[in-house]
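Report on one structure; see the data block that follows.
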Amino acid sequence: MFRKPLTRHVLCMSAGALLSVLLCLAFGAWSVQRDRAEQAGELADSYVNLARRITAEAVEALAVIQATPTDCGPQEIAHLRALVLNGRFIKAAARLDNGQIVCSSITGRVDPPAPPPRADLTGEGGRRVSFNVPELGAPGSRSMVLREGDAMVSIHARTFIELADPRLDFALIAKEGEMSRVLYTNTSALQGLERVAGTEGALNFNGRRYEVRCLQAYTGCIVAALRPLQSLWSSSVMLEMGAFGVLLGMTGGFAVSALLGRSRSLSRQLLLAMRSGELRLVYQPIVRLSDRRRVGAEALLRWTDVTGKPVSPDAFISEAERNGMIGQVTRFVISRVLEDLGDGLRRRPDFQVTVNVSADDLMDSSFLPFLSARLQAARLQACSIGLELTERTTANSRELSRAIARVREAGHKVYIDDFGTDYSSLSYLSRLRVDAIKINRTFMQALHDQSDQDTIAPQIVVMAEVLGLTMVVEGIEEEQQATYFHTLAPDALAQGWLFSKPVEAAHLFS
Ligand code: C2E
Ligand code: CA
């Protein structure tokens with residue numbers, strides 16, 4: 001898979017672009033809908049403000065009519081006409097007497113007096129409101145009529161309808177308590193709207209969201225939404241989000257591809273290094289502190305890359321652990337140890353080479369059969385190879401305890417590596433049941449830096465004795481450290497530059 005970096009880049013960038021375009025478009029669609037709801041709300045608000053101005057003009061006219069003499073003479077009729085002429089929205093004004101229209105701005109004196117239109121509802125201040133009233137002298141036209149006391153004015157229904165912005169699908173509604181009546185709508189989608197939940201805000205009707213704004217004076221409301229887009233794609237936001245998604249996705253895809261490539265190339269290089277001989281082993285002698293005789297050695301990997309630069313084992317080992325390659329590395333080490341040291345180990349059956357292993361190695365069911373087969377082929381006993389388990393990998397696990405028990409039964413000694421850095425507790429050690437601990441070299445630094453009498457080294461020595469564990473002290477660089485530990489634990493083993501740095505196989509037994 002992804003043999004060529006170019007193919008990997010292209011695939012990662014395309015996948016990234018696709019994913020990111022989908023996400024950006026989803027976000028774009030959501031944000032377009034949100035903006036459209038906001039815009040519809042603003043248009044509905046401005047509608048209500050205009051309607052309020054019309055209402056104010058009508059209410060003022062009603063007050064003026066009521067304040068003038070009531071004889072319906074030419075002067076009053078002229079006055080009614082002047083009101084209409086001077087008004088912006090009022091189309092007619094009339095006077096009532098005993099509940100009957102006696103004169104109006106359109107017809108002059110009404111003889112015999114005519115009944116006013118039936119009130120549909122009573123609004124604020126006791127004003128009676130009638131909707132859809134046929135207009136006097138203008139057949140086919142409808143108006144809204146307001147009546148207060150003996151005064152009456154009418155406004156073209158058209159005025160209210162034309163006020164609404166042409167971008168809206170809307171309905172004008174008269175509210176009567178919980179129920180509402182659609183006075184006018186420009187869309188079939190809002191027909192049958194009988195109940196406006198609450199007063200203001202938003203309303204979901206037939207699967208669509210509408211903004212609701214009400215005019216308290218007439219208990220009238222506008223219910224509105226922007227007309228549906230022909231297509232969401234016609235929105236510039238969607239185009240911008242799409243383009244942004246492609247760019248973002250391709251950049252992200254490229255970054256992922258580059259990271260993948262980097263980590264894959266490190267794994268590939270490690271594989272190549274095993275085959276080509278760039279990866280080799282050195283052996284650091286382990287001595288008995290009492291007589292400083294070499295009783296064993298630790299196998300340590302060395303990698304010198306093609307440019308001749310050494311690569312730190314700490315770096316490539318943790319990379320191999322992350323990549324699931326550690327098993328291959330450990331098998332490489334075991335095979336190489338037996339190749340390098342087979343003769344020497346056959347001559348010295350008391351000499352033990354320890355190999356660093358991970359918990360995953362031990363729990364791999366094919367690991368022990370592999371190790372045993374290799375030892376058998378090399379005509380060596382299991383005790384020739386010890387296993388160092390790094391403490392950080394020895395998280396409490398039943399499976400791991402069983403795996404340790406299996407390799408010990410087969411005759412291998414198990415060491416807890418870097419003891420004293422983490423998790424070191426007595427109960428932890430007794431649960432895992434191992435043969436030895438390797439005391440981390442940071443203890444030597446503590447001794448060196450502060451001749452620290454408070455070091456916990458004595459407690460560790462006592463604990464190891466109680467549990468019957470062999471102790472290997474790592475990182476001894478100075479005579480004084482060797483003396484200190486020899487006094488504390490005469491049977492301890494030791495490893496460090498004082499005795500020897502890691503050496504080539506050829507120099508281990510010489
Ligand atoms: P480690 O297992 O704790 O190995 C001991 C490290 O201490 C080695 O570093 C060794 O060179 C260094 N050392 C030994 N004596 C002294 C001393 O007196 N002073 C100082 N300052 N250092 C000393 P190295 O070889 O760099 O290895 C680092 C780590 O890499 C090892 O730590 C081990 O965790 C890992 N490693 C090395 N080889 C292998 C391997 O074959 N398999 C696995 N799984 N891990 C390995
Ligand atoms: Ca080690």
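Positions are given from 1 along the sequence. As the structure is a computational prediction, the values presented were derived from the model and not from experiment. In each ligand, atom 1 is the first atom listed, and ligand 1 is the first ligand listed.
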### Task
Evaluate side chain to side chain contact (heavy atoms under 4.5 Å, CB included) for S500 paired with H507, printing each intermediate quantity in order.
CA-CA 11 Å; S500 172; H507 301 122; over 6 Å; no
### Query
Among protein atoms, how many N/O/S atoms lie less than 3.0 Å from the Ca ion (ligand 2)?
4
Electrostatic pair [X]:[Y] at N-O distance under 4.0 angstrom:
| X | Y | value |
| --- | --- | --- |
| R209 | E211 | yes |
| D418 | K438 | no |
| D343 | R348 | no |
| E409 | R402 | no |
| R167 | D165 | yes |
| R331 | D364 | yes |

How does [X] reach ligand 1, if at all, at less than 4.0 Å between non-hydrogen atoms: by side chain, backbone, both, or neither?
| X | value |
| --- | --- |
| Q495 | neither |
| K438 | neither |
| V355 | neither |
| V329 | neither |
| K501 | neither |
| I317 | side chain |

### Whether S358 lies under 4.0 Å from ligand 1, heavy atom
no
### Message
Heavy-atom contact check, 4.0 Å cutoff: does E474 meet ligand 1?
### Response
yes
Which of these, [options], has its nearest heavy atom closest to [atom]?
| atom | options | answer |
| --- | --- | --- |
| atom 40 (C) of ligand 1 | L301, L281, L300 | L301 |
| atom 27 (O) of ligand 1 | P313, A320, S318 | P313 |
| atom 43 (C) of ligand 1 | D314, N356, V337, V333 | N356 |

Ligand-residue contact atoms, ligand 1 with [X], heavy atoms, under 4.0 Å:
| X | result |
| --- | --- |
| E298 | 2 (O), 4 (O) |
| D417 | 2 (O) |
| G496 | 15 (N), 18 (O) |

### Task
Check the pair F509, F351 against ring pair (Phe, Tyr, Trp, His ring centres under 6.0 Å), reporting the backbone distance first and the verdict last.
CA-CA 10 Å; F509 293 110; F351 196 95; 4.7 Å; yes
### Query
Can you find an N/O atom of R302 closer than 3.5 Å to an N/O atom of ligand 1?
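Such a contact does occur with ligand 1.
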### Task
Tell me, yes or no, whether the heavy-atom count around E339 atom CD, taken from other residues, nucleotides or ligands under 6.0 Å, exceeds 12.
yes
### Query
More than 12 foreign heavy atoms under 6.0 Å from CD of E38: is that the case here?
yes
#### Entry: Derivation of the side chain to side chain donor-acceptor pair (under 3.5 Å) call for S358 and D361
CA-CA 5 Å; S358 72; D361 286 325; 3.3 Å; yes
### Query
Considering all heavy atoms of both residues, which atom of Y283 and which atom of R336 are nearest to each other, and what is their separation?
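In terms of heavy atoms, the two residues are closest at OH-O, 4.0 Å.
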### Query
CE of M274 to CG of L272: how many Å apart, nearest 0.5 Å?
9.5 Å
